[in-house]
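Just below is one structure, and these are the notes that go with it.
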Amino acid sequence: MNELNRDALSIVRGHYPRAVATSTSVEALFELIRTHCALLPNQLMFADSICCDDVNAIEYPRRAYEMLGPFKLGGLNGLPFAGRTGMAAFAGHVPSEGAVFIFYAPHIGVSRSGPLGSLLRVGQTRLSGCCGAAKAALARLQSGQIVKGSVEDDDYQFNSIEQLFLENKSRILEAGDPLYEATEVTYEEIHRRIARFVAATKFSCRYVVRIGAVLQNGDHDMGSFMEPRHAIISDLASEQTKDVLVDYVSLLETVNAR
Ligand SMILES: [Zn+2]
């Protein structure tokens with residue numbers, strides 16, 4: 001790791017102590033899959049459920065393209081708005097000897113010079129919000145503007161985030177950092193939805209691998225980072241689901257130390 005990367009990681013770890021670069025997370029994933037499933041990256045059909053914000057495309061880890069995909073399940077702040085139908089479509093694209101890999105995460109900006117939830121984008125001189133949708137929904141929660149049940153077709157994704165925040169109003173508003181907490185609330189909702197969609201979907205391959213995390217987008221020269229929350233491998237042949245978070249975290253540390 002060069003000095004710039006080390007400096008960026010230490011800034012992110014000031015907020016998320018177990019974060020690693022997303023490039024590290026992909027390398028560790030490939031080792032996890034080789035060990036547990038005896039598969040190579042090009043045998044994985046990959047879906048992500050992350051925010052449609054362009055920063056996620058700009059800071060996307062290059063090695064992720066060694067997998068097939070990505071199929072995009074996510075809309076604003078990573079909620080899997082493609083739904084059960086999106087998951088079912090994706091499931092139909094898997095190589096028969098391969099596996100499915102799903103990565104899901106809400107995101108949050110981390111800047112050298114500003115508060116959590118902001119970052120400096122390419123070509124800009126002022127910080128901007130990230131996730132912009134989460135920050136806007138939080139502002140409306142704080143000022144009491146969210147109306148229960150109000151979800152419009154023209155702003156369906158944003159209104160859904162508002163409703164989620166309203167359901168968790170006291171948890172978010174009483175937290176030391178409401179945006180950090182709102183991001184955790186969003187993570188938990190994404191995790192529940194992905195679990196429901198996986199359970200409702202027929203996969204023709206043997207393994208379904210899921211990693212859930214909180215994604216941190218740094219200033220444009222910092223890159224992107226993730227702090228893992230779940231790592232799960234389901235073996236559809238033996239109908240067993242294993243929690244492999246401890247293994248994955250240890251691989252993250254090994255790769256990060258290289
Ligand atoms: Zn976003």
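Atoms within each ligand, like the ligands themselves, are counted from 1 in listed order. Positions are given from 1 along the sequence.
- Counting only heavy atoms from C-beta outward, the side chains of L236 and R206 never approach each other to under 4.5 Å.
- Below 30°, between 30° and 60°, or above 60°: for H230 and Y187 the angle between ring planes is below 30°, a parallel geometry.
- Electrostatic pairing of E162 and K148 does not count as a salt bridge here, judged by no charged N lying under 4.0 Å from a carboxylate O.
- Near the Zn ion (ligand 1), less than 2.8 Å away, sit the protein N, O or S atoms C51 SG, H107 NE2, C131 SG.
- Through direct or indirect side-chain contacts shorter than 4.5 Å among Ile, Leu, Val, Met, Phe, Trp and Tyr, V122 is connected to no other residue.
- Side-chain polar atoms of T22 and S224 form a donor-acceptor pair below 3.5 angstrom.
- Shown here is R84, whose CZ atom has no more than 12 heavy atoms of other residues, nucleotides or ligands within 6.0 Å.
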